[in-house]
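What follows is a short report on a single structure.
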Amino acid sequence: MVGKLFIPGPSEVRRAVLEELSRPQIGHRTQEFRELFASLKPGLKKVFFTQNDVLISTSSGSGLWEAASRCCASKKILHAVNGAFSSKWADVSESCGKEVVRVKFGNGAAVKACDVEKALSAGNYEAFCMVHNETSTGVASCLEEMSEVMKGFPDVLFLVDAVSSLGGMKIEVDKLGIDVCLASSQKALALPAGISVVSVSPRAYKKAETVSGRGYYFDLLEMKKAYDKDETPYTPSIPHLFALRKQLERIENEGIENRLERHRKMAEYARSWAKDNGFEMFPEKGHESDTVSCIENTRKLDFKSIKQEMAKKGYSVDSGYGKLNEKLEAEGKHTTFRIAHMGDLTLGEVKELLAELGSLF
Ligand SMILES: Cc1ncc(COP(=O)(O)O)c(C=O)c1O
């Protein structure tokens with residue numbers, strides 16, 4: 001049974017947005033399409049707090065990992081690794097033929113700017129990659145501190161995965177000097193899975209011009225050429241673009257700052273619910289995400305049956321990131337479960353969910 005989604009992606013999509021998917025198709029080389037595409041640009045820039053281009057890819061976020069890794073370095077990339085997704089991105093860079101060095105942090109730890117600074121000083125890197133919001137552990141790293149460090153390395157591009165935070169946590173791309181910031185549709189943007197968005201700085205395009213082997217589908221320069229004509233290089237998922245137009249309107253109506261505040265409130269509520277119910281938060285203190293709360297299962301709840309019981313009540317919940325839990329279990333530590341409070345969910349819905357969850361133990 002499918003319930004309302006409180007899992008860390010795909011997130012719950014509102015009916016008005018879902019309905020956009022069933023609009024009749026339009027040709028992607030028509031004026032109507034160009035008008036649709038152009039109408040998306042201002043709203044996307046607002047969500048990213050940027051004047052940079054925000055490109056749209058008909059792929060999930062992983063495709064944009066590949067785009068960033070392929071296009072932004074000829075050879076050497078430094079990756080911060082503090083969980084499953086940051087680790088995976090580093091693997092993707094390697095599989096794109098780049099020489100990857102990893103600066104590692106423990107599970108539940110945030111990326112530390114001083115360690116990154118040391119690592120950057122030790123090598124001739126072209127790009128530095130980090131995940132802002134490690135969905136596997138619910139850890140949000142500090143982009144402001146990292147941005148300060150990056151100022152000392154003007155030749156290194158700053159690439160950020162904001163897959164599970166964009167639209168739910170503030171990421172001021174221009175202020176932070178982020179060259180590439182990528183996000184998936186199915187997380188805090190509360191859209192159906194299937195597209196992803198990426199802001200790209202002029203510096204990143206310039207670098208890409210010097211990089212060979214960028215491929216075609218994920219070549220940021222191909223995407224840029226089409227973007228400037230309000231088009232995409234190839235047939236995009238047109239239904240998603242209708243849905244994105246609707247969702248950007250909805251974000252504008254709510255106000256981006258109100259949206260971020262709503263996420264802060266939902267997160268605060270989830271954290272205090274955890275504490276009041278005798279649990280501990282998994283992330284390092286002060287680095288808890290506003291879009292997903294990762295909670296230590298200190299009371300050893302049987303999440304297999306809880307998930308089933310919650311599904312019967314109409315809620316879809318998560319029992320923690322599989323590989324992380326396996327590792328924690330092997331180390332004799334408490335496993336985790338995650339409460340996602342991202343996208344268009346309201347504080348009222350989070351309260352309702354947690355009350356139902358609490359009634360099961
Ligand atoms: C932080 C993070 N990065 C990247 C990905 C991969 O994104 P996608 O599944 O959209 O390819 C995920 C997926 O959950 C994620 O949470």
Side-chain angles (χ1 to χ4, degrees), residues 5-13 48 55-70 77 79-96 102 105 107-111 128-143 146 159-169 171 178 180-199 217-218 236-237 240 243-244 247 263 267 282-283 287-294 316-325 336-343:
L5 298 173
F6 288 86
I7 56 173
S11 58
E12 189 68 15
V13 181
F48 280 86
L55 310 175
I56 302 169
S57 171
T58 294
S59 71
S60 72
S62 303
L64 288 176
W65 273 347
E66 193 159 331
S69 301
R70 270 176 177 265
I77 308 183
H79 275 265
V81 172
N82 67 327
F85 293 103
S86 41
S87 172
K88 189 89 181 173
W89 191 7
D91 295 346
V92 167
S93 290
E94 235 161 30
S95 72
C96 291
R102 294 166 175 81
F105 304 90
N107 278 315
V111 175
F128 165 64
C129 300
M130 68 177 282
V131 170
H132 172 226
N133 195 59
E134 240 308 338
T135 324
S136 58
T137 55
V139 169
S141 292
C142 182
L143 291 176
M146 201 58 63
L159 316 185
V160 174
D161 167 323
V163 163
S164 60
S165 49
L166 189 94
M169 296 176 77
I171 302 172
I178 300 173
V180 172
C181 183
L182 60 97
S184 304
S185 57
Q186 76 279 11
K187 308 271 186 188
L189 291 171
L191 282 157
I195 58 167
S196 47
V197 286
V198 59
S199 72
Y217 202 82
F218 293 117
S237 174
H240 276 94
L244 175 59
Q247 185 61 340
H263 279 82
F282 185 70
H287 291 281
E288 299 89 351
S289 161
D290 280 349
T291 58
V292 54
S293 289
C294 186
S316 188
V317 294
D318 179 84
S319 50
Y321 191 77
K323 281 190 190 147
L324 172 66
N325 277 353
T336 60
F337 61 98
R338 294 177 297 179
I339 305 294
H341 28 73
M342 60 173 78

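All ligand and atom numbering here is 1-based and tracks the order in the structure. As a basis for the values below, the full set of heavy atoms in this structure was taken, side chains included, without hydrogen atoms, waters or symmetry mates.
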>> For a 4.5 angstrom cut-off between non-hydrogen side-chain atoms, does N107 reach F282?
In response: yes
>> Which of the numbered atoms in ligand 1 are under 4.0 angstrom from any heavy atom belonging to W65?
In response: 3 (N), 4 (C)
>> Minimum heavy-atom separation for S59 and S196, please, with both atom names.
In response: O-OG, 2.8 Å
>> With side chain to side chain contact (heavy atoms under 4.5 Å, CB included) as the criterion, how do E66 and C96 come out once you've worked through the C-alpha distance, each side chain's angles and the decisive distance to 0.1 Å?
In response: CA-CA 7 Å; E66 193 159 331; C96 291; 3.6 Å; yes
> Non-hydrogen atoms of Q186 versus ligand 1: any pair closer than 4.0 Å?
Replying inline: yes
> Can you list the atoms of ligand 1 that are under 4.0 Å from a heavy atom of G61?
Replying inline: 8 (P), 10 (O), 11 (O)
> Taking only heavy atoms of S184, which atoms of ligand 1 are found under 4.0 Å from at least one of them?
Replying inline: 7 (O), 8 (P), 10 (O)
>> Which of the numbered atoms in ligand 1 are under 4.0 angstrom from any heavy atom belonging to S60?
In response: 8 (P), 10 (O), 11 (O)
> For ligand 1, is any non-hydrogen atom under 4.0 Å from E134's backbone (N, CA, C, O), its side chain (CB onward), both, or neither?
Replying inline: neither
>> Under 4.0 Å from a heavy atom of N133: which atoms of ligand 1 are those, numbered in the order shown and with their elements?
In response: 1 (C)
>> List ligand 1 atoms under 4.0 Å from V131, heavy atoms only on the residue side.
In response: 1 (C)
> Any ion pair linking K88 and D161 (charged N to carboxylate O, less than 4.0 Å)?
Replying inline: no
> Does the side chain of V198 reach to within under 4.5 Å of the side chain of F48, using non-hydrogen atoms?
Replying inline: no
> Run the side chain to side chain contact (heavy atoms under 4.5 Å, CB included) check on S141 and M130 step by step: do they pass?
Replying inline: CA-CA 9 Å; S141 292; M130 68 177 282; 3.6 Å; yes
>> Taking 4.0 Å as the limit for heavy-atom contacts, which would you say applies to K88 with ligand 1: side chain only, backbone only, both, or neither?
In response: neither
> To which protein heavy atom is atom 6 (C) of ligand 1 closest, and what is the distance rounded to 0.1 Å?
Replying inline: S62 OG, 3.6 Å
> Among T135, T291, V292, V92, which one has a heavy atom closest to atom 16 (O) of ligand 1?
Replying inline: T135
> For atom 14 (O) of ligand 1, what is the nearest protein heavy atom, given as residue, atom name and distance?
Replying inline: K187 NZ, 2.6 Å
>> Considering non-hydrogen atoms of the protein only, which is the closest contact for atom 5 (C) of ligand 1, and what is the distance?
In response: F85 CD2, 3.7 Å
>> Please evaluate residues H79 and S93 with respect to the criterion side chain to side chain donor-acceptor pair (under 3.5 Å), reporting the C-alpha separation (whole Å), side-chain torsions for both, the decisive distance (0.1 Å), and the verdict.
In response: CA-CA 9 Å; H79 275 265; S93 290; 2.7 Å; yes
> Heavy-atom distance under 4.5 Å between the side chains of H341 and F6, does that happen here?
Replying inline: no
> Counting distance only, does the side-chain N/O of S184 pair as donor-acceptor with the main-chain N or O of G61 below 3.5 Å?
Replying inline: yes
> Nearest protein heavy atom to atom 3 (N) of ligand 1, by residue and atom, and its distance?
Replying inline: D161 OD2, 2.7 Å
